[in-house]
Amino acid sequence: MTPARVLITRDPAAAHELAALLRERGHEPCASPMLEAQLPADPSELAGLLDQAAHPSGPTWLCVTSATTVAALDAVAQSPDWGAQLEAARATGLLRVAAVGEATARALGEYGVGLDFVPSRVQSAAGMVAQWPEHPGARSGEDSRKAPRASQWTGPTPLALLPVSALGSDTLCQGLRELGYDVRRVTAYEMVPVPAERPVRRREPEPLAGSATAGEQTSEEPAAVGPTGAESAVEELAPEAARAACAAGEVAAVVVTAPSRAAALLDGQRPAADVAWVAIGEPTARALRERGLSPVTAARPTPRDLADAVDAALGTARTAGRTTAGTDARPTTCTDTDQENEKMNDDEMSYDLVSRPRRLRTTPAMRRFAAETRVTPSELILPVFVKEGLSEPQPLASMPGVVQHSMDSLKRAAAEAVELGLSGFMLFGVPETRDAVGSAALDPEGILNRGIRAVREEVGDEIVVMSDLCLDEFTDHGHCGVLDEQGRVDNDRTLEIYGRMGVAQAQAGAHMVAPSGMMDGQVGVIRAALDAAGREDVSILAYSAKYSSAFYGPFREAVDSTLTGDRKAYQMDPANRREALLEMQLDLDEGADMVMVKPAMSYLDILREVADASPVPVSAYQISGEYAMIEAAAANGWINRDAAVRESVLSIKRAGANSILTYYATELARWFRDENGR
Ligand SMILES: NCc1[nH]cc(CCC(=O)O)c1CC(=O)O
């Protein structure tokens, strides 16, 4: 069999590693870069940026995203010593230098420039942002959540200098702005068809991640090592020869390494039908599809994955070529085995599937149409903390974006909840002083009762005002009930206090009280106390299946909890399922108007069972630890925050919740409103 000729749209030096692999697999590689880097017509701006880095007037980062950028800096530098000058600036502590990956770092190293940051996980613009070593704080008007460490930054606004390719994606620029930098972005070079008028430098390794490829490659590759022996040299095609080879079908396959190179190779001509196409990543694949081709996309932009994709594409091309009989211009030797393969492939291609569920997943509109579950603001309840003695809301370190409210900010939050159409507002009080029996819980002037009153005055009956009915925020030992002589939580003495607490909350204005202490008989005792006080109108949301969970951690900070030990003697064991149904039944028998499962995410199975069995509406509580996990992972760049927030709440609804308590309630309601407004 004659070896298949494979064209790589790269400089031969950069294509070296892939070429060697292709040769190993019996192919014959050739290379043509099609594009090369060209300096800007007016290099003074780039030279100025380099000067600014060498003489920083305040904290400054120089962020370099390709080895080509380093070559461009070298080309425009006023002094050959520019590397040493940057090093001198670094020594003052004002300048720091970041590189997107190892190859860029090496290129800087050749000029003697040391590095302060190279992302270790994903070597791309997004990877840099995700692991960026400092967060100076978002500037006013921007979402402070995106800069969780904002309060720790005190100095002047630091500067980030970004010499980038003309087509470079905005990811780094945007990301650094959100972290709080003043970003100065200057074009270092542009990619133009070979030969460039003002080449940065011939024979440079491929520009790398986040540079000329417009978001194409997602990871930096090691710089190619140039070939040494003649036998390993990669044949280079001039751009016109490469275009002609594609048009005439003189190559069996083409590996395209950037959308711009696809354009340079293909625009203005039709490639032969039997050429197989390989794309380095999705943007390049899209560029090829737009030109009527069906590329195989490499799993990752590495030489090995590209070589695998070439093999896959050649296999596909052979089959496709023969199935459209007569159009295959290439001579093929057809053995019996080949015919067998062909038959198998034919069968595969004509699977007669009656059901293709993917049909309902084709477009956003189709998916919206087919969605079984939706969440609306009227299903969301916002839990809020009000703390005695605060004049300003106070952020919570373990729940970025959530605060302990002052009385004023509490009222504003309540008004916002009304405006956004939430169904309820669940209040927790954080008192200044605590005692053994939680007296402040019964005091009409206690912080929780005052908060309820203030919120009721603000919102009237526009949303349901709910209050946490539990003693843990009010006792000096932090347990949900009072203790007996042996230090155990005394169920029945606690019930008596709960009854009075329910009445105090009803008199303060709560529409609904939510006993969360998991004392036996609590719903019945509270119902009786409310009725005896003439408050048959006040309803009870029972925390029926409340588990003893490690995920309450951040809540303890939110209520300044004093608890030592745990609540395993009253909250449910995470191992149990039947018990949840028993607790629900007892609460229903005692007069619960609604029941709740808590936490949500680790107990979606329980939620489903309770939802299936309950004759009354079911709530679920996405608790503090569930919130904190999403925030922490998102802050590290490990998950997409907004998508994770949506998915988490949607799953709770899907599992059967009629309403959801979540610290994301206002934010979600705002998203829904904006989306419906469109
Ligand atoms: N008053 C008890 C109570 N009510 C709500 C929560 C937890 C809420 C959360 O973690 O978000 C707790 C804490 C606990 O049981 O330890």
Side-chain angles (χ1 to χ4, degrees), residues 380-387 396-405 424-431 434 438 440-441 446-448 451-452 466-482 489 494 497-498 501-502 505 510 512-519 522 526 540-574 583 595-603 619-632 645 648-649 652 657 660-665:
L380 301 177
I381 298 161
L382 179 68
V384 284
F385 307 102
V386 57
K387 180 170 173 173
L396 293 167
S398 55
M399 299 176 74
V402 177
V403 298
Q404 291 176 322
H405 280 291
F425 207 65
M426 173 73 81
L427 273 136
F428 295 88
V430 187
R434 302 165 192 227
I447 183 64
L448 179 53
I452 296 169
M466 312 179 184
S467 53
D468 185 57
L469 200 170
C470 191
L471 282 177
D472 63 321
E473 292 96 357
F474 299 97
T475 53
D476 51 14
H477 45 72
H479 276 292
C480 294
V482 292
V489 173
T494 301
I497 300 175
Y498 279 3
M501 192 173 172
Q505 295 182 345
M512 186 174 230
V513 296
S516 64
M518 290 304 282
M519 296 301 130
Q522 61 187 13
I526 293 165
I540 299 177
L541 165 58
Y543 282 67
S544 298
K546 177 171 178 183
Y547 285 86
S548 176
S549 170
F551 297 109
Y552 298 139
F555 178 89
R556 307 272 157 89
E557 183 199 345
V559 299
D560 301 349
S561 176
T562 49
L563 181 71
T564 52
D566 58 54
R567 307 197 198 285
K568 290 183 183 163
Y570 40 104
Q571 295 180 343
M572 285 174 48
D573 185 336
E583 288 281 6
V595 294
M596 190 203 292
V597 174
K598 172 183 180 182
M601 185 142 86
S602 298
Y603 299 87
S619 274
Y621 196 143
Q622 181 180 47
I623 59 157
S624 55
E626 299 178 58
Y627 178 93
M629 285 193 290
I630 293 178
E631 291 300 317
V645 168
S648 66
V649 173
I652 298 169
I660 300 159
L661 291 102
T662 169
Y663 300 99
Y664 290 118

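Each ligand, and each atom within it, is numbered from 1 in the order the structure gives.
- At a heavy-atom distance under 4.0 Å, only side-chain atoms of D468, from C-beta outward, approach ligand 1.
- In terms of N/O distances under 3.5 Å, ligand 1 is not approached by Y543.
- For the residues F474, F428, Y663, Y547, the heavy atom positioned nearest atom 11 (O) of ligand 1 is part of Y663.
- Atom numbering of ligand 1 starts at 1 in the shown order; those under 4.0 Å from a heavy atom of D472 are 1 (N), 2 (C).
- In the displayed structure, F551 atom CZ is contacted under 6.0 Å by at most 12 heavy atoms of other residues, nucleotides or ligands.
- Only the side chain of S516 comes within 4.0 Å of ligand 1, counting heavy atoms alone; its backbone N, CA, C and O stay farther away.
- With 3.5 Å as the limit, one finds a donor-acceptor pair spanning the side chains of Q404 and D560.
- Heavy-atom distances between Y621 and ligand 1 reach below 4.0 Å in at least one pair.
- Atom 10 (O) of ligand 1 has S624 OG, 2.6 Å as its closest protein atom, hydrogens excluded (heavy atom only).
- Counting heavy atoms under 4.0 Å from ligand 1, residue I623 touches it through both backbone and side chain.
- Counting only N and O atoms by type, the side chains of S648 and Q622 include a donor and acceptor under 3.5 Å apart.
- Residue contact check for ligand 1: R556 places a non-hydrogen atom closer than 4.0 Å to it.
- For the pair K546 and ligand 1, a heavy-atom separation below 4.0 Å is found.
- When hydrogens are left out, the protein atom nearest atom 8 (C) of ligand 1 is F555 CD1, 3.2 Å; that is the closest non-hydrogen contact.
- Between the side chains of Y664 and E631, a donor-acceptor pair is found at a separation under 3.5 Å.
- E626 places a side-chain heavy atom less than 4.5 Å from the side chain of P599.
- One option in E557, M426, R567, K598 has a heavy atom closer to atom 14 (C) of ligand 1 than any other, and that option is R567.
- Judged by the 6.0 Å distance and 45° axis criteria, K546 is not positioned over the aromatic ring of Y621.
- Although no hydrogens or angles enter the test, the distance criterion places a donor-acceptor pair under 3.5 Å between the side chain of Y627 and the main chain of P400.
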